[in-house]
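Structure, as structure tokens:
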Amino acid sequence: MLALITGGFFKIGLFFYATVLGLSHVFKLKNPSTLVFPIGLVFLFYSLSLAQNYFEHVYEGLKIIPFTLHLPFQIVIPALLLVIGF
């Protein structure tokens with residue numbers, strides 16, 4: 001359990017760091033630390049608004065996400081790119 005929590009912490013930290021660096025390059029900022037607080041607030045409010053409880057989280061993960069995210073990103077877009085490639 002400790003390995004899962006530690007791994008999750010480092011994964012979230014790495015994604016957060018990549019987001020801050022990526023947006024600082026997009027907006028051509030010399031000091032990326034100015035984006036840490038605003039992006040942290042966005043992450044906080046987004047994480048609080050995703051699901052109100054565990055059962056809603058499981059329902060969204062099993063019933064909604066496969067059709068809204070997995071289907072387009074794993075089947076539709078690759079098939080479209082394959083057709084365009086040929």
Side-chain angles (χ1 to χ4, degrees):
M1 190 68 174
L2 184 63
L4 286 173
I5 292 172
T6 306
F9 175 77
F10 282 110
K11 179 181 174 183
I12 292 170
L14 184 66
F15 284 163
F16 185 76
Y17 181 69
T19 303
V20 168
L21 281 183
L23 285 177
S24 70
H25 285 290
V26 167
F27 294 124
K28 295 178 177 50
L29 297 174
K30 292 183 181 179
N31 188 7
S33 63
T34 58
L35 291 175
V36 170
F37 188 70
I39 293 173
L41 283 177
V42 169
F43 278 16
L44 174 67
F45 289 124
Y46 184 66
S47 68
L48 293 174
S49 68
L50 282 177
Q52 298 299 321
N53 55 32
Y54 177 73
F55 298 109
E56 184 180 350
H57 175 74
V58 170
Y59 173 77
E60 288 175 359
L62 293 177
K63 302 291 182 186
I64 297 172
I65 297 298
F67 297 108
T68 58
L69 285 179
H70 296 168
L71 187 66
F73 284 120
Q74 293 179 0
I75 297 173
V76 175
I77 294 174
L80 184 66
L81 289 174
L82 183 66
V83 168
I84 291 171
F86 282 126

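As the structure is a prediction and not an experimental result, all values here were calculated from the model.
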I'd like to know if I65 and F73 are part of one continuous hydrophobic network [Ile/Leu/Val/Met/Phe/Trp/Tyr, side-chain heavy atoms within less than 4.5 Å].
yes

Using the rule that Ile, Leu, Val, Met, Phe, Trp and Tyr join whenever any side-chain heavy atoms are under 4.5 Å apart, tell me whether L48 and Y54 fall into a single cluster.
no

Which atom of P38 lies closest to which atom of T34, heavy atoms considered:
CD-O, 3.4 Å

Measure the shortest side-chain to side-chain distance between H57 and L50 over non-hydrogen atoms and say whether it is less than 4.5 angstrom.
no

Minimal non-hydrogen separation, L35 against V20, with atom names
CD1-O, 4.0 Å

With a 4.5 Å cut-off on side-chain heavy atoms, are F43 and I12 touching?
no

Search all heavy atoms of P32 against all heavy atoms of L21 and return the closest pair with its distance.
CG-CD2, 4.2 Å

T19 OG1 to L23 CG distance, which is reported to the nearest 0.5 Å
6.5 Å

According to a hydrophobic-cluster definition based on side-chain heavy atoms being under 4.5 Å apart (Ile, Leu, Val, Met, Phe, Trp, Tyr only), do F45 and F37 belong together?
yes

Taking atom CG of L82 and atom CD1 of I77, what is their separation to the nearest 0.5 Å?
13.5 Å

Residue F16 excluded, over 12 heavy atoms near CZ under 6.0 Å:
yes

Minimum heavy-atom distance E60-P66, with the two atoms named:
O-CD, 4.4 Å

Cluster overlap I64 with F67, hydrophobic side-chain contacts below 4.5 Å
no

Do L69 and L81 sit in one hydrophobic cluster, given that two such residues count as connected whenever their side-chain heavy atoms are within less than 4.5 Å of each other, even indirectly?
yes

